[in-house]
Amino acid sequence: MQIKATLNQLFSRALEHLEIPSASVSVVEAGKPEFGDYQFNGAMALAKQLGKAPRQIAQEIVEALPAHPMIAKTEIAGPGFVNIHLDAGWLATALQSAVADARLGVGRKEEPIRAVVDYSSPNMAKEMHVGHLRSTIIGDSLANLLSFLGDDVIRQNHIGDWGTQFGMLIAYLEELGEGAEGSLHDLENFYKAAKKRFDEDAAFADKSREYVVKLQGGDVRCLELWDDFIDKSLGHCEEVYRKLHVNLSREHVRAESSYNEELAQIVEALKEKGLLVESRGAKVVFVEGDENPLIVQKSDGGYLYATTDLAAIRFRAQELGAKRISYVVDARQAGHFKQVFTVARMAGFVDEEVRLEHVSFGMMLDKNGRPFKTRDGGTVKLIDLLDEAVERAKGAITQREAYSDEELEKIAEIVGIGAVKYADLSIHRESNYIFDWDRMLSLEGNTSLYQQYAYARIRSILRKYGREPEGELRLEDELQRRMALKLLQLEDVLHAAAREAMPHYITGYLYDLSTLFMKFYETHPILRDDVSEALRQSRLLLAQATAKTLSLALELLGIKVLERL
RNA sequence: GCGCCAGUAGCUCAAUUGGAUAGAGCAUCAGACUUCGGAUCUGAGGGCUAGGGGUUCGACUCCUCUCUGGCGCACCA
């Protein structure tokens, strides 16, 4: 149910009827309950243009507003606000049909587009570390969301599998000979060991450089070793994705190296467009307003990640036919993407109508506001962080004695991983965020555990009742009216979150919803004997709608729910 | 030096993109249990939205300057 869009349409019609050019019709949720459910604030802005008093304009708009069962009444308040009160009967009916629907009444986009979401993008030379966490979590939820709303989503894991350090790694792999695969188990140490050899042994360093050249020249033996290495490294990433409940697998991998063949063409295309300039021996493209150009080919003839990014962007726009390409990459890359996007458009790799966006996010900081590191200052391995989340979650489960070890493990995994993801998704992605175990595993406040607890409470009631609720949904009071409205706003919230790639809109919504439910739960008994059958059915339906909404929205965020905690 | 981003309650964060009296949680204080799961709920205090100036009916939001912090600035990705 798209409430806002419906209201906007009605107001547009009213403005058309009054022959007012409907410039910026925008109905927003009312700030306070006494102002109704929604408000239209356009009258004040139109006052000057029309030379009339804003309240007068508001009056005319209200009179021209087409009748709709959704609207109970409108009233003009203050300087010219139009307050809109939705009809309780309509809310009840609409919610009743939404609960019965598998998608909770959320439609699919009428004009779906193909959308590419580029996220995670780990470097194959090392193990995944906390620096990959936010991209992976935010990107996955964005992909889930767009897909649910009907877009044709292509996930792209642009893994870093090419570059000079691979010569070193392959040289080391060969040096260890057969049976070296075991040492790949700990990629981090493998990298360190190779680096040590590289720094300490000149002959090994030379051999490494030689291997880079051989690899890039297509030497079969080198490619075999490289393939093997990437395979192992990717296997490690898959383990992380599995633990993180992230929907990325090999089919989504589109590695940097896969664009190798096209890099020369990219430079050639830029040249043909007359964009290419030689500067200090390198081939570059200057972008207006930027002192430094985008370098696409080094003075030694080598290509850079800007070149690869251009090749990828062209592939996505032209081969995949994407109309929206989202890069979920940290904010430090803002300058880079701005240049790449501009050059891609100048070169005609992407049309005007294609939306290119850098879904940027801030850094992950520790409790003291410093970059997140281990005690000795090293990078934190992602796999260790996730394991710790699960361990800590066990401690947060108060009734852990009631479960077998196996059950506890399963619950702790869902709680722990959910906490890590929710903590990330619930803050404005552009800001840096403080990673704090105690807060994210708390049951109080805007946390995953609070939502999971609300869900488990409802499931407990429904389990006890044992049947499917049936009957009429009736909104008895203001609290239930607000719950119904909140539940029906799901689609509006999902659309806003998808449009702006802002998952925290969803978590904020869920928190509102579960706090409303908790209040309802405290004051409205459901299964108690003194509750009439009609009321019981109605309250069961409301609780069920809440549970389904929590479960659906959390699933889009990549977070699971539990029947019991 | 140039550029980008941020600064909101003691702390951690919101504020539907210019709307009415800036909202939550933690912490503090005060309440509610013969519990449909109290791991909850109710209430109170706490703000010159870093600071100045401007734009307009109306500014946390837009423009401008200052201060503070973070990050990026040619051949790494």
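The sequence lines fix the lettering, A, B, ..., with proteins before strands; numbering per chain opens at 1. Remember, it's a predicted structure, so these values are computed and weren't measured experimentally.
- Rounded to whole Å, atom C1' of B/G70 lies 13 Å from atom CG of A/Asp330.
- Comparing atom distances between the A/Met44 side chain and each of B/G19, B/G38, B/G70 picks out B/G19 as nearest.
- Taking 4.0 angstrom as the limit, A/Tyr505 places none of its side-chain polar atoms (N or O) nearer than this to OP1 or OP2 of B/U17.
- Rounded to an integer number of Å, the gap from OH of A/Tyr511 to P of B/U16 is 19 Å.
- Following rounding to the nearest Å, A/Tyr327 (OH) and B/A77 (P) show an atom-to-atom distance of 16 Å.
- Per the stacking criterion (ring centres < 5.5 Å, plane angle < 30°), A/Phe35 stacks onto the base of B/A20.
- Among the atoms of the strands shown, base atoms are found under 4.0 Å from some heavy atom of A/His524.
- Rounded to an integer number of Å, the gap from CD1 of A/Ile295 to P of B/A77 is 10 Å.
- Between A/Lys367 and B/C11 there is no side-chain polar atom (N or O) within less than 4.0 angstrom of OP1 or OP2.
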Verdict with supporting geometry, A/Asp512 and A/Lys486, salt bridge (charged side-chain N to carboxylate O under 4.0 Å, His left out):
CA-CA 8 Å; A/Asp512 286 347; A/Lys486 186 60 76 178; 3.1 Å; yes
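- Among the protein residues, A/Glu500 comes within range of the nucleic acid bases, having at least one heavy atom under 4.0 Å from a base atom.
- Taking 3.5 Å as the limit, the base of B/A20 and the side chain of A/Asn83 contain a donor-acceptor pair of atoms between them.
- The NE2-C1' distance, from A/His428 to B/C13, rounds to 12 Å in whole Å.
- If you check every strand for non-hydrogen atoms under 4.0 Å, A/Tyr465 touches nothing.
- Using a 90° window around 0 for the glycosidic torsion, B/U64 falls outside it and is classed as anti.
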